Asks: 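Dumping the structure here so I can ask a few things about it.
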Amino acid sequence: MNTQLLQLVFMELVQRIRLCSIPSKWKRDFRIIHSTTILLCVETYKWATFRETKAGVKLYFRLAFVSSKYVYPEAVQMTTARSHDRTKLDDLINQSGITYVFDRGLVDYAKFDEYCKQGIFIVTRTKKNASIQYLYARSIPENSGITRDCFVEMGAM
């Protein structure tokens with residue numbers, strides 16, 4: 001199935017949502033990246049086999065977070081479930097000045113270095129084996145729920 005037409009329609013709808021529905025004073029440069037796996041019948045969808053007895057696809061979403069009331073999909077991509085989440089980083093994280101929030105399945109320290117050089121900001125949970133060197137801390141408001149706000153250098157051990 002050729003999905004190019006559907007992708008064009010999707011992107012047109014996203015542009016209309018962005019320009020018409022959301023007051024400009026609420027617009028933020030904040031994106032949420034999420035992936036989810038949808039299991040399929042391995043007998044019917046052999047092209048999507050990722051385990052001996054399972055088939056599936058992964059959907060990757062980039063959501064524009066404007067406020068708690070206004071969150072809309074900005075980009076959607078699909079792969080077989082076998083692909084690793086890190087393969088989609090450059091497709092979904094590609095604009096400087098934007099802060100991207102995602103889970104640790106997307107952790108790639110070399111990419112993080114590239115993103116920092118491009119002015120792309122990331123917020124993610126680290127893996128247990130991450131090597132973190134604290135460079136300096138910033139002050140945080142009392143009772144904010146934030147434990148620590150630091151600039152760090154990080155990598156894998």
Side-chain angles (χ1 to χ4, degrees), residues 1-22 24 26-133 146 150-157:
M1 179 172 119
N2 186 339
T3 60
Q4 289 179 346
L5 178 60
L6 292 174
Q7 187 172 4
L8 288 171
V9 170
F10 173 79
M11 292 310 295
E12 176 64 27
L13 290 173
V14 166
Q15 288 298 328
R16 288 183 186 189
I17 290 170
R18 182 181 292 148
L19 296 174
C20 300
S21 305
I22 301 165
S24 60
W26 290 353
K27 290 183 182 178
R28 296 186 191 168
D29 294 330
F30 183 66
R31 304 294 185 268
I32 300 167
I33 309 291
H34 181 70
S35 69
T36 190
T37 302
I38 300 171
L39 297 178
L40 302 171
C41 173
V42 72
E43 308 302 324
T44 307
Y45 302 98
K46 293 189 184 304
W47 58 269
T49 300
F50 74 101
R51 294 196 183 126
E52 193 173 313
T53 60
K54 292 185 179 180
V57 294
K58 274 190 187 174
L59 288 178
Y60 295 88
F61 297 90
R62 182 174 66 210
L63 302 172
F65 181 87
V66 179
S67 73
S68 59
K69 292 182 181 182
Y70 296 100
V71 177
Y72 63 90
E74 187 177 65
V76 177
Q77 297 204 358
M78 184 178 78
T79 65
T80 61
R82 183 175 294 204
S83 73
H84 195 281
D85 289 349
R86 286 182 299 193
T87 63
K88 291 292 159 202
L89 278 173
D90 286 339
D91 294 336
L92 297 168
I93 300 172
N94 54 15
Q95 294 177 324
S96 62
I98 302 285
T99 299
Y100 294 91
V101 178
F102 49 89
D103 205 4
R104 65 177 159 217
L106 292 164
V107 170
D108 183 330
Y109 300 113
K111 288 282 182 200
F112 292 176
D113 286 344
E114 288 178 33
Y115 295 150
C116 286
K117 290 174 186 170
Q118 296 171 28
I120 295 172
F121 306 99
I122 55 172
V123 176
T124 187
R125 294 188 308 156
T126 58
K127 293 187 176 186
K128 290 179 183 176
N129 68 341
S131 170
I132 300 174
Q133 179 182 358
I146 297 172
C150 298
F151 279 78
V152 300
E153 231 176 63
M154 58 189 297
M157 294 178 143

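Nothing here was measured: the structure is a model prediction, and the numbers come from that model.
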Asks: Please check this pair: side chain of R62 against backbone of L92, looking for a donor-acceptor N/O pair closer than 3.5 Å.
Replies: yes
Asks: Taking the side chain as every heavy atom from C-beta outward, state whether R86 and K111 have any pair of such atoms under 4.5 Å apart.
Replies: no
Asks: Just by modelled atom types, is the Q95 backbone N or O under 3.5 Å from a matching donor or acceptor in the Y100 side chain?
Replies: yes
Asks: Starting at CD of Q77, measure out to OG of S35 and round the result to the nearest 0.5 Å.
Replies: 12.0 Å
Asks: Looking at OG1 of T37 and CZ of R82, how far apart are the two atoms once the value is rounded to the nearest 0.5 Å?
Replies: 13.0 Å
Asks: Please enumerate all residues that pass side chain to side chain contact (heavy atoms under 4.5 Å, CB included) together with I32, with sequence neighbours excluded.
Replies: F30, L63, F65
Asks: Give the table of side-chain donor-acceptor pairs shorter than 3.5 Å for residues 38-58, with sequence neighbours excluded, one pair per line with atom names and distance.
Replies:
unit_1: T49; atom_1: OG1; unit_2: K46; atom_2: O; d: 2.9
unit_1: K58; atom_1: NZ; unit_2: S83; atom_2: O; d: 3.0
unit_1: K58; atom_1: NZ; unit_2: D85; atom_2: OD1; d: 2.9

Asks: Using 0.5 Å steps for rounding, measure from the CD1 atom of I93 to the NZ atom of K88.
Replies: 12.0 Å
Asks: Taking only residues two or more places apart in sequence or in another chain, which ones pass side chain to side chain contact (heavy atoms under 4.5 Å, CB included) with D103?
Replies: R125
Asks: Can you give each donor-acceptor pair under 3.5 Å made by side-chain atoms of residues 115-122, sequence neighbours left out, with the distance rounded to 0.1 Å?
Replies:
unit_1: Y115; atom_1: OH; unit_2: D90; atom_2: OD1; d: 2.9

Asks: Drop me the distance from F112's CZ to T124's OG1, to the nearest 0.5 angstrom.
Replies: 5.5 Å
Asks: Taking salt bridge (charged side-chain N to carboxylate O under 4.0 Å, His left out) as the definition, give me every residue that meets it alongside D108, ordered by chain and number, with sequence neighbours left out.
Replies: none
